[in-house]
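Since the structure comes first, as C-alpha cells, the remarks are kept for the end.
As the structure lists them, so they are numbered: ligands from 1, and atoms in each ligand from 1. What you see is a predicted model, and the numbers here were worked out from it, not measured in a lab.
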Amino acid sequence: MAVEQTFLMVKPDGVQRGLIGEIVSRFEQKGFKLINAKLIQVPRELAESHYAELSDKPFFGELVDFITSSPVFGMIWEGENVITTARAMMGATNPSAAAPGTIRNDFAISVGMNIIHGSDSPENAKREIDLWFGGETLSYDKAINKWI
Ligand code: RTP
Ligand code: MG
C-alpha cells in the first residue's frame, strides 16, 4: 500500500463560486485524510514558482494573472495512491474533455478556469507541499481509515 501526500488547490473560480465545501467533501467522502489547509491570496512569485514548468507556454501570463486574482484554498491530502486518484476525481485539464462525475466536468466549462489544481507526480507533490506549506502537515489518527 502506497500512502502518499498530494497538494490540491481550489482555484479562484472555485472559491468565488462557493465550491470549497463541495470539493473538500468529495475527498473526505472518498476516505482521504486532510492534513493541512489554508486560504491564500497568492503572491505573483509564488504562482510563478508553482507553475514554473509552464513558463514557456503562451498562456503562462494569463494563468499567473488568474491564480493571483483572488484567494485560493490550498490543501494537503493523504492516503493510498492519493496523487493519481485525486487527478482522476478532478478530471481532464480541459473540462470539455473531463468525464462525467469528475469535478471539472461537473463544475467547469473552459480550460482557463477549471476549478481545481492537483499535483501530477510524487516529485511535484513534494515540491508543491514544500512550496505552499513549508512541508508542514498535521499528524493524527483517523480511525475510520481502517475500514477503507
Ligand atoms: P493543474 O496543474 O492546474 O492541476 O492542471 P493540469 O495539471 O491538469 O494542467 P497543466 O498542463 O499543468 O496546466 C496548468 C493549468 O494551465 C491552464 N491551461 N490553460 N489555455 C490553455 O490551453 C491552457 N492549458 C492549460 C489550465 O488552467 C491548467 O489547469
Ligand atoms: Mg499541472
What residue and atom, counting heavy atoms only, is the protein's closest point to atom 26 (C) of ligand 1, and at what distance?
-> V111 O, 3.2 Å
Which residue from L8, L54, I115 reaches closest to atom 10 (P) of ligand 1 through any of its heavy atoms?
-> L54
For atom 8 (O) of ligand 1, which protein heavy atom lies nearest, and how many Å away is it?
-> T93 OG1, 2.5 Å
May I ask you to check whether W132 and F7 place their ring centers less than 6.0 Å from one another?
-> yes
Exceeds 12 heavy-atom contacts within 6.0 angstrom, atom NZ of K57 = no
Regarding E48 and S55, is there a side-chain donor-to-acceptor distance under 3.5 Å anywhere?
-> no
Does F66 approach ligand 1 within less than 4.0 angstrom via side chain, backbone, both or neither, non-hydrogen atoms only?
-> neither
Of the listed options (F59, F60, F7), which comes nearest to atom 17 (C) of ligand 1 when hydrogens are ignored and any heavy atom counts?
-> F59
Is it the side chain (CB and beyond), the backbone, both or neither of N114 that lies under 4.0 Å from ligand 1, heavy atoms counted?
-> side chain
Closest to atom 2 (O) of ligand 1 by heavy-atom distance, out of K11, H117, E53, is H117
How does R87 reach ligand 1, if at all, at less than 4.0 Å between non-hydrogen atoms: by side chain, backbone, both, or neither?
-> side chain
Does L63 approach ligand 1 within less than 4.0 angstrom via side chain, backbone, both or neither, non-hydrogen atoms only?
-> side chain
Is R104 touching ligand 1 with its side chain, its backbone, both, or neither, if touching means heavy atoms under 4.0 Å apart?
-> side chain
